[in-house]
Asks: 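First the structure, then my questions, so here it is.
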Amino acid sequence: MTPSVPTPLTARMPPLAEPSAWHEITVTVNGQAVTAQVESRLLLSDFLRDRLGLTGTHVGCEHGVCGACTALVDDEPVRTCLTLAVQCAGSAIRTVEGLTTDDAPLTSVQRAFHECHGMQCGFCTPGFVMTATALTERSDRPDETQVADALSGHLCRCTGYRNIRRAVCQALDERFGE
């Protein structure tokens with residue numbers, strides 16, 4: 001009798017997700033309504049970058065530490081690498097691409113970063129700019145402690161933060177007339 005050769009085991013690929021894990025969301029991104037099917041586990045950073053092509057939202061640490069992925073959700077700075085896309089259903093999202101159009105002048109924050117040399121390699125810059133934008137859009141001028149607190153959620157490997165802080169203060173001076 002010939003020994004039978006066991007059939008090799010093959011792993012089947014699991015489905016990408018259970019059908020119940022898909023959700024239709026509608027969000028407003030940079031002023032445009034977007035409706036999309038998203039998985040429950042899809043990060044907002046992946047939705048913005050991979051699904052919408054808005055690559056100005058940078059992904060650095062993927063742990064919410066570096067701040068490079070910051071976007072504004074309902075006018076509040078949010079770490080998109082920690083936020084699920086489904087959490088933003090019905091929200092207004094602004095990315096660095098939505099601050100101005102190609103032919104429009106720079107915003108006060110963008111201009112201040114340019115004039116104060118508040119960037120070097122530029123990887124962290126979109127996150128800083130979005131947080132600074134939120135600060136300039138407040139109804140009251142933030143004090144130095146509030147500015148330092150807001151900027152402390154961002155990491156830059158190139159600078160000592162002096163020029164970044166100068167840029168934010170310049171934009172705040174312009175906004176609040178000081």
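In this chain, numbering begins with 1 at the start of the sequence shown.
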Asks: Please tell me whether Leu106 and Val109 are part of a single hydrophobic cluster in this structure, the criterion being side-chain heavy atoms less than 4.5 Å apart.
Replies: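 Cluster IDs for Leu106 and Val109 differ.
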
Asks: Using side-chain heavy atoms (C-beta onward) and a distance below 4.5 Å, is Leu44 in contact with Val73?
Replies: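 In contact.
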
Asks: Evaluate the side chain to side chain contact (heavy atoms under 4.5 Å, CB included) criterion for residues His23 and Gln37: first the C-alpha distance (whole Å), next the side-chain angles of each, then the deciding distance (0.1 Å), finally the verdict.
Replies: CA-CA 5 Å; His23 305 275; Gln37 293 285 327; 5.9 Å; no

Asks: Compare all side-chain heavy atoms of Val78 with those of Leu72 and state whether any distance is below 4.5 angstrom.
Replies: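 Answer no - side chains too far apart.
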
Asks: Find out whether Leu135 and Val168 are in side-chain contact, i.e. whether some heavy atom of one side chain is under 4.5 Å from a heavy atom of the other.
Replies: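 Leu135 vs Val168: side chains touch.
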
Asks: Not counting sequence neighbours, list each pair that qualifies as a side-chain hydrogen bond (donor to acceptor under 3.5 Å, both in side chains) and has a residue in residues 78-91.
Replies: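 Pairs touching residues 78-91 that pass the test: Thr70-Arg79, Asp74-Ser91.
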
Asks: Within the distance-only criterion (no hydrogens, no angle test), does the side chain of Thr107 pair as donor or acceptor with the backbone N or O of Gln110 below 3.5 angstrom?
Replies: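 Side chain of Thr107 to backbone of Gln110, a donor-acceptor pair under 3.5 Å: yes, one is there.
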
Asks: Give the cluster check for Leu82 versus Met130: same hydrophobic cluster or not, with ILVMFWY residues linked at side-chain heavy-atom distances below 4.5 Å.
Replies: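 Different clusters: Leu82 never reaches Met130 through Ile, Leu, Val, Met, Phe, Trp or Tyr contacts under 4.5 Å.
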
Asks: Looking at every non-hydrogen atom in both residues, tell me the closest pair between Tyr161 and Cys156 and how far apart they are.
Replies: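 For Tyr161 versus Cys156, the nearest heavy atoms are OH-N, 2.8 Å.
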
Asks: So which heavy atom on Cys81 is nearest to which on Cys69, and how close?
Replies: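 Shortest heavy-atom separation between Cys81 and Cys69 comes out as N-SG, 3.3 Å.
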
Asks: Just wondering, more than 12 heavy atoms not from Gln32 lying within 6.0 Å of its CD?
Replies: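 Not buried by this count: 12 neighbours or fewer within 6.0 Å.
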
Asks: Got a second to check how far Gln120's CD is from Ile164's CD1, nearest 0.5 Å?
Replies: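 If we round to the nearest 0.5 Å, Gln120:CD and Ile164:CD1 are 8.5 Å apart.
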
Asks: Would you say Leu155 ends up clustered with Val147 if hydrophobic residues are merged whenever their side chains have heavy atoms under 4.5 Å apart, either directly or through other cluster members?
Replies: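 As far as the 4.5 Å side-chain criterion goes, Leu155 and Val147 are connected within one cluster.
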
Asks: Between Pro142 and Phe176, is there a side-chain heavy-atom distance shorter than 4.5 Å?
Replies: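 Heavy-atom side-chain distance check passes, below 4.5 Å.
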
Asks: Is the shortest heavy-atom distance from the side chain of Phe128 to the side chain of Thr125 under 4.5 Å?
Replies: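 In short, these two side chains do not touch, never coming nearer than 4.5 Å.
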
Asks: Does the distance from a Lys or Arg side-chain N to an Asp or Glu carboxylate O, for Arg175 and Glu137, drop under 4.0 Å?
Replies: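 Salt bridge: no.
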
Asks: To the nearest 0.5 Å, how far apart are CG in Asn163 and CD in Glu115?
Replies: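 One gets 12.5 Å once the value is rounded to the nearest 0.5 Å.
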
Asks: Check whether Glu97 reaches the backbone of Gly56 with its side chain - one donor and one acceptor, N or O, closer than 3.5 Å.
Replies: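 Side chain of Glu97 to backbone of Gly56, a donor-acceptor pair under 3.5 Å: yes, one is there.
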
Asks: In terms of hydrophobic clustering (I, L, V, M, F, W, Y; side-chain heavy atoms under 4.5 Å; direct or indirect links), are Val29 and Leu99 co-clustered?
Replies: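 Cluster IDs for Val29 and Leu99 differ.
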
Asks: Taking all atoms of both residues into account, what is the closest heavy-atom pair of Cys66 and Gly60, and its distance?
Replies: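 Taking Cys66 first and Gly60 second, the nearest heavy atoms are SG-CA, 3.9 Å.
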
Asks: Nearest heavy-atom pair of Ala112 and Ala167: which atoms, and what distance?
Replies: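 Smallest interatomic distance, heavy atoms only, reads CB-O, 3.2 Å.
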
Asks: Looking at Asp75, Asn30, Thr133, which hits side-chain hydrogen bond (donor to acceptor under 3.5 Å, both in side chains) with Arg94?
Replies: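 Per the side-chain hydrogen bond (donor to acceptor under 3.5 Å, both in side chains) rule, the option paired with Arg94 is Asp75, out of Asp75, Asn30, Thr133.
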
Asks: Strictly distance-based, threshold 3.5 Å: is any side-chain N or O of His58 a donor or acceptor partner for the main-chain N or O of Phe123?
Replies: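 Between the backbone of Phe123 and the side chain of His58 there is a qualifying donor-acceptor contact (under 3.5 Å).
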
Asks: Just how far is it from atom CZ of Arg49 to atom CG of Leu43, taken to the nearest 0.5 Å?
Replies: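 Reported value, rounded in 0.5 Å steps: 12.5 Å.
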
Asks: Start with the C-alpha distance between Val96 and Thr57, add both sets of side-chain angles, then the distance that settles side chain to side chain contact (heavy atoms under 4.5 Å, CB included), and finish with yes or no.
Replies: CA-CA 7 Å; Val96 71; Thr57 301; 5.8 Å; no

Asks: Report yes or no: do Val59 and Ile93 belong to one cluster of Ile/Leu/Val/Met/Phe/Trp/Tyr joined by side chain heavy-atom distances under 4.5 Å?
Replies: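 Per the 4.5 Å side-chain linkage, Val59 and Ile93 are not co-clustered.
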
Asks: Do Leu84 and Ser40 come within less than 4.5 Å of each other through their side chains, counting heavy atoms only?
Replies: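 With C-beta onward as the side chain, the pair stays apart.
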
Asks: Only pairs at least two apart or in different chains count here, so list each side-chain hydrogen bond (donor to acceptor under 3.5 Å, both in side chains) that has a residue in residues 144-157.
Replies: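 Matches after skipping sequence neighbours: Thr131-His154.
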
Asks: What pair of heavy atoms forms the shortest contact from Ile25 to Ala85, and how long is it?
Replies: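 Minimum heavy-atom separation between Ile25 and Ala85: CD1-O, 3.7 Å.
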
Asks: I'd like to check the side-chain contact (heavy atoms from CB on, under 4.5 Å) partners of Ala36; sequence neighbours left out, ordered by chain and number.
Replies: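 By the side-chain contact (heavy atoms from CB on, under 4.5 Å) rule, Ala36 matches Val38, Phe47, Arg51.
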
Asks: Rounded to the nearest 0.5 Å, how far apart are CZ of Arg162 and NE2 of His117?
Replies: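 Nearest 0.5 Å value for the CZ-NE2 distance: 14.0 Å.
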
Asks: May I ask you to test the Leu42-Val86 pair for a side-chain heavy-atom distance under 4.5 Å?
Replies: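 No, too far: nothing below the 4.5 Å cut-off.
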
Asks: Distance-only, no hydrogens or angles: does the Thr100 side chain make a donor-acceptor pair with backbone N or O of Pro105 under 3.5 Å?
Replies: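 Yes, Thr100 side chain to Pro105 backbone: donor-acceptor pair under 3.5 Å.
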
Asks: Side chains of Thr95 and Leu48: does their closest heavy-atom pair fall under 4.5 Å?
Replies: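 Of all side-chain heavy-atom pairs linking Leu48 with Thr95, at least one is under 4.5 Å.
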
